[in-house]
Amino acid sequence: MPQTLPDIQNTLDTRGVALEQVGVSDIKYPITVLDRAQGKQHTIASLAMSVSLPHQFKGTHMSRFIEVLSRYRDEFTIQTLPNVLDEMRTRLEAEAARIEVRFPYFVERSAPVSGMKALMDYQCTFIGDSSTDSDNFILGVTVPVASLCPCSKEISDYGAHNQRGDVAIQVRTTRDAAGESQLLWIEELIEIAENAASAPLYPLLKRPDERYVTMQAYENPAFVEDITRDVAVQLREDPRVEWFSVQVTNFESIHNHNAFASTSWHR
């Protein structure tokens, strides 16, 4: 007969302290996400998975997190997060569950003049919280962009200082008639960020492309505040967006510090 092993996690804890999150983090795992151009894209994610733990239980069953993850690795989207979280709560007998999925996402970009193609990477996140009272699902993407200082352009005899920056967007979408979060493509958030910047960034530029992007930035000067507001305006106009947070950071080229601006909004 197989040996029956003791289950210490299920033993009583008498300290009277409930824990909001107990789980596993820094899990490196292959996942598949939706890709607007190709249908699906394979990438490597870093995950953190956790559940609430009532005060009377000594511990949770860590192996069950990996069991749930193994069932859903073929598709991680805002649409599948509710299923993942529901199974986490069921398998670990918890009232609340949370998952954070961070991954690089690749988009093929064409240079503006030469048309040369190469892959550009963007850091993305799926964050989900689920409890007996409410559910919350957030898509995030950080988009590198170029910005050119309007003040520098105005006061200089020639030229203007410019820099790279990051546009970090997080969104929660509205629900459809079936109660599911509406689809908002990662590529759409990238386009929103780039439309607000002085110029987009590219993975590959030849000389004619470099000339084009340099002049494009010069013709579209933008403070970090301008970029933040323009992103916010675009997101507010999208009926699929229920809530968003935007933070833009410029890695200043003539200062020994960065500049940033942020805002959030709820429909």
Side-chain angles (χ1 to χ4, degrees), residues 20-52 64-92 94 96-107 120-131 134-144 166-176 178-193 231 235 238 240-247 264-267:
E20 294 178 2
Q21 293 185 48
V22 177
V24 292
S25 63
D26 199 28
I27 308 168
K28 300 298 189 296
Y29 212 78
I31 65 169
T32 302
V33 296
L34 294 181
D35 183 315
R36 187 173 65 176
Q38 304 297 326
K40 292 185 177 182
Q41 180 176 143
H42 300 282
T43 186
I44 303 295
S46 178
L47 298 97
M49 307 171 71
S50 62
V51 294
S52 60
R64 295 181 185 177
F65 290 107
I66 308 302
E67 292 175 4
V68 173
L69 177 60
S70 297
R71 284 173 45 81
Y72 288 95
R73 74 175 190 180
D74 288 335
E75 187 172 313
F76 261 84
T77 68
I78 291 296
Q79 281 71 33
T80 61
L81 277 185
N83 298 331
V84 177
L85 291 163
D86 285 346
E87 186 156 344
M88 286 169 59
R89 288 174 54 196
T90 300
R91 293 283 289 118
L92 290 118
R98 178 179 176 85
I99 186 168
E100 298 182 26
V101 187
R102 304 183 183 277
F103 58 95
Y105 184 81
F106 294 88
V107 177
M120 184 91 169
D121 67 290
Y122 302 89
Q123 294 302 310
C124 300
T125 57
F126 292 142
I127 301 174
D129 289 288
S130 178
S131 68
S134 63
D135 296 319
N136 187 36
F137 311 112
I138 293 173
L139 167 64
V141 60
T142 298
V143 184
D166 278 345
V167 181
I169 303 173
Q170 290 189 321
V171 296
R172 181 172 63 242
T173 58
T174 55
R175 306 293 180 95
D176 60 20
E180 295 185 353
S181 296
Q182 297 213 57
L183 178 62
L184 189 62
W185 293 99
I186 292 172
E187 291 87 344
E188 291 181 271
L189 296 181
I190 294 171
E191 291 164 1
I192 287 172
V231 169
L235 290 171
D238 192 323
R240 295 170 297 173
V241 176
E242 180 182 75
W243 167 91
F244 68 77
S245 171
V246 180
Q247 177 161 319
S264 62
W265 175 84
H266 190 285
R267 187 175 298 280

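Heads up: numbering here begins at 1 and tracks the sequence.
- Partners of Asn83 according to the side-chain contact (heavy atoms from CB on, under 4.5 Å) rule, which considers only residues two or more places apart in sequence or in another chain, are Tyr72.
- Met88 approaches Ser50 most closely through the heavy-atom pair CE-O, 3.5 Å.
- To the nearest 0.5 Å, the span separating CZ on Arg91 from CZ on Arg71 amounts to 9.0 Å.
- Applying the side-chain contact (heavy atoms from CB on, under 4.5 Å) test to Pro82 and every residue at least two apart in sequence or in another chain returns Phe137.
- If you take OG on Ser264 and CG on Leu235, they are separated by 11.5 Å, rounding to the nearest 0.5 Å.
- Applying the 6.0 Å contact sphere to CZ of Arg267 captures more than 12 heavy atoms from other residues, nucleotides or ligands.
- To the nearest 0.5 angstrom, Leu47 atom CG is 11.5 Å from Thr125 atom OG1.
- Listed by chain and residue number, Phe244 satisfy the ring pair (Phe, Tyr, Trp, His ring centres under 6.0 Å) test with Trp265 (two or more places apart in sequence, or in another chain).
- In this structure, the salt bridge (Lys or Arg N to Asp or Glu O under 4.0 Å) partners of Arg240, at least two apart in sequence or on a different chain, are Glu188, Asp238.
- In this structure, the side chains of Gln182 and Arg175 stay at 4.5 Å or more apart for every pair of heavy atoms.
- Summarising the geometry, atom OG1 belonging to Thr32 is positioned 9.5 Å from atom CD belonging to Gln41; distances are rounded to the nearest 0.5 Å.
- At a threshold of 4.5 Å between non-hydrogen side-chain atoms, the residues Leu189 and Tyr122 do not count as touching.
- Qualifying side-chain contact (heavy atoms from CB on, under 4.5 Å) partners for Ala94, counting only residues two or more places apart in sequence or in other chains: Val51, Ser52.
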Donor-acceptor pairs are to be reported for all side-chain atoms of residues 98-107 against protein atoms at under 3.5 Å, with residues two or more places apart or in another chain.
{"from": "Arg98", "atom 1": "NE", "to": "Glu100", "atom 2": "OE2", "distance (Å)": "3.0"}
{"from": "Arg98", "atom 1": "NH1", "to": "Asp129", "atom 2": "OD1", "distance (Å)": "2.9"}
{"from": "Arg98", "atom 1": "NH1", "to": "Asp129", "atom 2": "OD2", "distance (Å)": "2.6"}
{"from": "Arg98", "atom 1": "NH2", "to": "Glu100", "atom 2": "OE2", "distance (Å)": "2.9"}
{"from": "Glu100", "atom 1": "OE1", "to": "Arg102", "atom 2": "NH2", "distance (Å)": "3.0"}
{"from": "Tyr105", "atom 1": "OH", "to": "Leu34", "atom 2": "O", "distance (Å)": "3.4"}
{"from": "Tyr105", "atom 1": "OH", "to": "Glu187", "atom 2": "OE2", "distance (Å)": "2.5"}

*Check the pair Ile66 / Ile27 against side-chain contact (heavy atoms from CB on, under 4.5 Å), numbers first and verdict last.*
CA-CA 9 Å; Ile66 308 302; Ile27 308 168; 3.9 Å; yes
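- Annotation: side chain to side chain donor-acceptor pair (under 3.5 Å) contacts of Ser130 (sequence neighbours excluded): Arg89, Asp135.
- Looking at residues two or more places apart in sequence or on another chain, you find no side chain to side chain donor-acceptor pair (under 3.5 Å) involving Gln123.
- Residues satisfying the side chain to side chain donor-acceptor pair (under 3.5 Å) criterion with Ser245, sequence neighbours excluded, are absent altogether.
- If you take CD1 on Ile31 and OG1 on Thr80, they are separated by 9.0 Å, rounding to the nearest 0.5 Å.
- Taking all atoms of both residues into account, the shortest heavy-atom contact from Tyr29 to Ser70 is OH-OG, 3.1 Å.
- Residues passing the side-chain contact (heavy atoms from CB on, under 4.5 Å) test with Ser134, sequence neighbours excluded: Ser131.
- Asp35 pairs by the salt bridge (Lys or Arg N to Asp or Glu O under 4.0 Å) definition with nothing, not counting sequence neighbours.
- Distance check: Asp121 CG to Thr142 OG1 gives 11.0 Å after rounding to the nearest 0.5 Å.
- Under the 4.5 Å side-chain criterion, counting only non-hydrogen atoms from C-beta, Ile190 is not in contact with Trp185.
- Taking the side chain to side chain donor-acceptor pair (under 3.5 Å) definition, one finds that Asn136 meets it with Arg172, sequence neighbours left out.
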*asked:* One pair to check against side-chain contact (heavy atoms from CB on, under 4.5 Å): Leu139 and Ile186. What are the steps and the verdict?
replied: CA-CA 8 Å; Leu139 167 64; Ile186 292 172; 4.1 Å; yes
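- Between Pro144 and Asp166 the shortest side-chain heavy-atom distance falls below 4.5 Å.
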